[in-house]
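Numbers restart at 1 for each chain; the letters A, B, ... are given by sequence-line order, proteins then strands. Keep in mind that what you see is a predicted model, and the values were worked out from it rather than measured.
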Amino acid sequence: MSIQVKFFASLKERLNLDDHTIDNAATAGEVWDITTDHADRPDNVLVAINLEYAQFDSAVQDGDEVAFFPPVTGG
Amino acid sequence: MSIQVKFFASLKERLNLDDHTIDNAATAGEVWDITTDHADRPDNVLVAINLEYAQFDSAVQDGDEVAFFPPVTGG
Amino acid sequence: MASYILEQPFNPWLAISDHQQSATFAQQFGATATFIGTMRDFNDNADVTAMTLEHYPAMTQHYLDKLIDEAKTQWDLLDVLIMHRVGEIKPTEPIMLIACWSAHRRASLDACSWLIEELKHRAPFWKKESRTDGERWVEKNTDGL
Amino acid sequence: MASYILEQPFNPWLAISDHQQSATFAQQFGATATFIGTMRDFNDNADVTAMTLEHYPAMTQHYLDKLIDEAKTQWDLLDVLIMHRVGEIKPTEPIMLIACWSAHRRASLDACSWLIEELKHRAPFWKKESRTDGERWVEKNTDGL
């Protein structure tokens with residue numbers, strides 16, 4: 001099993017985490033815990049699985065891309 | 001006393017009336033009656049006095065410009 | 001703030017761009033909302049070959065300026081530009097433009113939407129369609145849907 | 001229908017004009033509504049000297065296209081163009097544009113207004129301000145007022 005993990009913007013800077021790949025996780029929350037070494041989950045953190053918004057308890061599968069980022073501020 | 005009278009668009013064509021000046025009238029309705037020889041007042045006819053929307057019973061004064069026209073269709 | 005009645009075809013994008021570059025509000029705007037009304041090419045209704053816009057010149061100018069003033073009292077606008085064609089208009093030619101500049105987005109968007117409805121219902125313009133079978137005055141404006 | 005992520009400054013009026021001229025919807029449109037977001041020149045807040053827009057490229061492109069698709073299901077639109085800058089943006093440079101073409105006015109106006117709000121709340125872009133005292137991530141979008 002292989003899951004791609006990405007962080008963006010202030011969250012990426014604050015956690016000081018680069019993109020990487022993990023071997024095994026059942027949910028996006030587990031992906032967070034593994035990659036951040038169980039860092040607190042900020043209230044406003046957004047989760048995306050395969051480019052769609054998801055939740056920490058959303059299931060992940062082999063080949064998924066999971067991303068964590070702060071509230072968006074484009075436009 | 002002198003009142004300028006104008007008609008526009010389909011109303012002008014239908015009544016076949018050019019702009020002209022009348023000597024005396026107390027209200028826009030009287031202006032209409034005098035200039036159209038008491039033609040029926042269409043339900044949707046609009047009245048303007050000195051470039052502002054008004055009513056048939058609005059008072060007119062010396063020097064006023066009174067206009068009658070159908071519903072507007074610009075934009 | 002400016003409004004123009006035009007007797008000749010105009011390029012709305014160039015007009016907006018020119019106005020923006022020469023504007024005294026300089027670079028304080030963060031939002032620009034525009035609306036352009038264009039004469040459709042009635043491929044599906046080849047009866048309409050041209051359109052003529054009559055207006056009541058003094059009242060038209062007065063009303064465009066009045067609408068701009070009313071918009072400025074309702075929203076925090078940095079600038080407004082309105083242009084409206086009169087005379088003969090051919091298919092695919094722009095009929096009118098409204099452009100609103102503001103610091104933040106809702107003012108320009110909401111003012112632009114309000115201005116087009118107000119203009120349609122209050123400014124004294126009248127459309128006459130030229131058709132293969134003659135001319136016909138447009139009786140009333142649509143609700144825009 | 002098209003969306004573009006741009007790394008370089010762009011002229012929004014030229015982009016809209018070019019898109020319109022090359023569009024396959026030809027001349028069926030009667031209404032065009034546009035919104036342009038521009039980086040303000042903070043004369044009153046000289047702290048901000050530039051802005052950098054980070055994004056999540058694959059998801060950004062996916063979301064812009066998704067928003068266009070959703071707008072098309074809600075309104076009768078002939079075409080939609082979205083452009084959004086990323087990278088370093090200087091004061092007075094355009095950040096994004098939305099342009100909607102429709103036969104009748106309400107579809108383009110309402111879709112344009114909806115798209116800017118949805119884009120602001122859903123598309124994965126993040127602004128970081130460069131200030132005289134360092135850099136700072138913008139925490140959240142304003143309500144546009």
For this session: Below 4.5 Å from any heavy atom of chain B, which atoms of C/Met59 appear? Answer side chain, backbone, both or neither.
Result: both
Exercise. Around atom CG of C/Asn11, are there more than 12 heavy atoms of other residues, nucleotides or ligands at under 6.0 Å?
Worked result: yes
Seminar exercise, completed: Rounded to the nearest 0.5 Å, the CZ atom of B/Phe69 sits from the OH atom of C/Tyr56 at a distance of 7.0 Å
Problem set entry | Nearest atoms (heavy-atom pairs only) where C/Asn141 meets B/Val72 | ND2-O, 3.4 Å
Exercise. Measuring from C/His121:NE2 to B/Thr73:OG1, what's the distance to the nearest 0.5 Å?
Worked result: 11.5 Å
For this session: Answer yes or no: are there more than 12 heavy-atom neighbours, outside C/Asp143 itself, under 6.0 Å from its atom CG?
Result: yes
Problem set entry | Contact winner vs chain B - C/Met96, C/Arg85, C/His55, C/Arg122, heavy-atom pairs under 4.5 Å | C/Arg122
Exercise. Are C/Lys66 and B/Glu52 close enough for a salt bridge, meaning some N to O gap below 4.0 Å?
Worked result: yes
Seminar exercise, completed: The reported gap from OG in B/Ser10 to CD in C/Glu54 (rounded to nearest 0.5 angstrom) is 9.0 Å
Problem set entry | Toward chain B, the part of C/Tyr63 with a non-hydrogen atom under 4.5 Å | side chain
Seminar exercise, completed: Turns out that what part of C/Glu117 lies under 4.5 Å from chain B's heavy atoms comes down to neither
Problem set entry | B/Phe8-C/Phe125 aromatic ring centre distance below 6.0 Å | no
Seminar exercise, completed: Bottom line for C/Trp137: the part with an atom under 4.5 Å from chain B's heavy atoms is side chain
Exercise. Chain C heavy atoms under 4.5 Å from B/Ala9: which part of the residue, side chain, backbone, both or neither?
Worked result: both
For this session: Sort C/Ala58 into side chain, backbone, both or neither according to what part of it lies under 4.5 angstrom from a heavy atom of chain B.
Result: both
For this session: Might you confirm whether atom CD of C/Gln74 has over 12 heavy atoms from other residues, nucleotides or ligands at distances under 6.0 Å?
Result: yes
Exercise. Any donor and acceptor pair, going by atom type alone, linking the side chain of C/Lys127 with main-chain N or O of B/Gly75 inside 3.5 Å?
Worked result: yes
For this session: Mark yes or no for whether C/Trp126, through its side chain, and B/Pro70, through its backbone, hold a donor-acceptor pair below 3.5 Å.
Result: yes
